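See structure below.
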Amino acid sequence: MKAKLLDIARYLFLILFSFISIFPFYWMVAGATNTSNQIAEGKITFGTHLMQNISDLFNGYNVSLIMWNSLKISFVTVVLSLLVTSLAAFGFEKFKTKKSEIIYAIFLLFMMIPFAALVIPLFKMMAGFHLVNQHIAIILPAVSNLFLIFFFRQSFKSFPDEIIDSGRVEGAGSYAIFFRIVFPMMKSTYAAATIYAFMTSWNSYLLPLVILQTEDKYTMTLLISGLSSSSYVANYGVQMVAIIIATIPTLILFMFMQRSFVSGMLGSIKG
């Protein structure tokens, strides 16, 4: 009897917190179908104004161009950051020297610096290179993601040195070992890093806010921010539609990579 009560309490606890986790997403979807006044009044059921909200959003903003900007920035950032950070982490872990360990320790210290403290120096640097209002100015600072270097190195610690040595015996160079042996065996780790890098780039707000100055260069985060301050009376329904559109790419990516995500976070070496 006591065990059954514990099971019931456990399930009630899980149901409660599942509801708390899911409700904001439900409210976002329901809000996209209601008018701004209905949302302000607290209506949480579905309405009939979805198409009107979609029409208002697409008529007021070039959503397709802004979505393309975000996808382009995120895709290029993910590809370059995974390549650069994984190579750096592989070098730090498998080619250790005293100097490299000092450099790695400095990198870890840099992780403690708030990104907001770097925005002005980054802006001045990009202005010096004449890259203000260019997407490349958003991509370059994100390529050398220090957390990804740390993440990849922790995963490479469990990679057997014997496999690398056997590759060297066969005459393979360091790059051949990395791309032909290490990379295929660390797909789960790369999947987890892809999701992290994509979400970080996709949700980036502060640097694009400072760097990008014309609407044709905007990203989805800037669009959503602009919707809340574009008029004296906020159109919550349109905002909800924009948030749903901005959420879709992340959901699709996670759905395709969810099988590898958990094992990748645990540093699993799998094909």
Side-chain angles (χ1 to χ4, degrees), residues 23-40 43 46-81 115-116 118-120 122-123 126-127 131-143 145 194-255:
F23 180 76
F25 183 78
Y26 164 80
W27 184 70
M28 175 182 68
V29 176
T33 66
N34 293 313
T35 65
S36 183
N37 289 336
Q38 289 173 331
I39 296 172
K43 183 181 178 183
F46 287 92
T48 59
H49 292 78
L50 175 61
M51 298 309 299
Q52 182 61 47
N53 290 332
I54 293 175
S55 177
D56 290 344
L57 176 63
F58 279 82
N59 289 335
Y61 299 89
N62 193 344
V63 179
S64 58
L65 175 62
I66 295 173
M67 175 66 82
W68 166 247
N69 290 342
S70 292
L71 289 172
K72 177 179 66 176
I73 292 172
S74 297
F75 177 78
V76 175
T77 299
V78 168
V79 172
L80 293 180
S81 63
F115 182 74
L118 302 176
V119 171
I120 300 303
L122 284 173
F123 176 80
M126 296 306 165
L131 294 178
V132 174
N133 203 36
Q134 299 295 324
H135 291 154
I136 189 67
I138 308 299
I139 296 170
L140 288 177
V143 168
N145 190 303
T194 297
I195 293 175
Y196 173 82
F198 182 85
M199 291 183 63
T200 301
S201 177
W202 186 262
N203 296 324
S204 177
Y205 172 71
L206 192 55
L207 188 60
L209 178 65
V210 175
I211 296 291
L212 305 179
Q213 301 178 349
T214 57
E215 191 173 306
D216 62 311
K217 299 290 185 179
Y218 275 13
T219 60
M220 288 302 297
T221 53
L222 296 183
L223 170 63
I224 294 170
S225 174
L227 286 171
S228 63
S229 59
S230 59
S231 61
Y232 291 106
V233 180
N235 193 330
Y236 297 119
V238 173
Q239 289 182 38
M240 295 299 180
V241 172
I243 293 171
I244 291 174
I245 294 173
T247 305
I248 291 173
T250 304
L251 289 177
I252 293 174
L253 180 66
F254 188 80
M255 286 173 62

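Keep in mind the model is a prediction, meaning the values are calculated, not measured.
Here the closest non-hydrogen pair linking Ile66 and Glu215 is CG1-O, 4.3 Å. Closest non-hydrogen pair, Ile224 versus Ala246, comes out as CD1-CB, 3.8 Å. Ser36 approaches Asn235 most closely through the heavy-atom pair OG-CA, 3.9 Å. Summarising the geometry of Thr221 relative to Ser204, their closest heavy-atom pair is OG1-O, 2.9 Å, with the distance given to 0.1 Å.
A distance of 8.0 Å separates CG in Asn34 from OG1 in Thr48, rounded to the nearest 0.5 Å. Taking CG from Leu222 and CD1 from Ile211, the interatomic distance works out to 11.0 Å, rounded to the nearest 0.5 Å. Put simply, CG on Leu223 and CD1 on Ile245 are 8.5 Å apart, with the number rounded to the nearest 0.5 Å. Going from atom CE of Met255 over to atom CG of Leu251 covers 8.0 Å, rounded to the nearest 0.5 Å. Put simply, OG1 on Thr250 and CG on Asn203 are 6.0 Å apart, with the number rounded to the nearest 0.5 Å. Here the straight-line distance linking atom CG of Leu207 with atom CG of Leu212 works out to 8.0 Å at 0.5 Å rounding.
Between Val143 and Thr77, the closest side-chain pair of non-hydrogen atoms is not below 4.5 Å. Two residues are said to be in side-chain contact when any heavy atoms from C-beta on lie closer than 4.5 Å; Thr219 and Tyr205 fail this criterion. With a 4.5 Å cut-off on side-chain heavy atoms, Met199 and Phe254 do not count as touching.
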So Asn62 and Asp216, side chain to side chain contact (heavy atoms under 4.5 Å, CB included) or not? Walk me through it.
CA-CA 8 Å; Asn62 193 344; Asp216 62 311; over 6 Å; no

Side chain to side chain contact (heavy atoms under 4.5 Å, CB included) between Leu118 and Phe123, intermediate numbers included
CA-CA 9 Å; Leu118 302 176; Phe123 176 80; over 6 Å; no

Would you give me the side-chain donor-acceptor pairs under 3.5 Å for residues 133-142, sequence neighbours excluded?
from   : atom 1 : to     : atom 2 : distance (Å)
Asn133 : OD1    : Gln213 : N      : 2.7
Asn133 : OD1    : Thr214 : N      : 3.3
Asn133 : OD1    : Thr214 : OG1    : 3.4
Asn133 : ND2    : Thr214 : OG1    : 3.0
His135 : ND1    : Lys72  : NZ     : 3.2
His135 : NE2    : Lys217 : O      : 3.0

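Remark: Phe75 CZ is loosely packed, at most 12 non-hydrogen atoms of other residues, nucleotides or ligands lying under 6.0 Å away. The local environment of CE in Met67 is crowded, with over 12 non-hydrogen atoms from other residues, nucleotides or ligands closer than 6.0 Å. Residue Tyr236 qualifies as open at atom OH: its count of foreign heavy atoms under 6.0 Å is 12 or below. The number of heavy-atom neighbours closer than 6.0 Å to CZ of Phe46, taken from other residues, nucleotides and ligands shown, is above 12.
Between the side chain of Thr33 and the main chain of His49, no donor-acceptor pair closer than 3.5 Å is present. Although no hydrogens or angles enter the test, the distance criterion places a donor-acceptor pair under 3.5 Å between the side chain of Thr247 and the main chain of Ile243.
Side-chain contact of Asn53 with Ser55: a donor-acceptor pair under 3.5 Å is absent, judged by distance alone. With no hydrogens or angles considered, a side-chain donor-acceptor pair links Gln52 and Asp56 at under 3.5 Å.
For Asn145, there are no side-chain hydrogen bond (donor to acceptor under 3.5 Å, both in side chains) partners two or more places apart in sequence or in a different chain.
Using bins of under 30°, 30° to 60° and over 60° for the plane-to-plane angle, the ring pair Trp202/Phe198 lands in the parallel bin.
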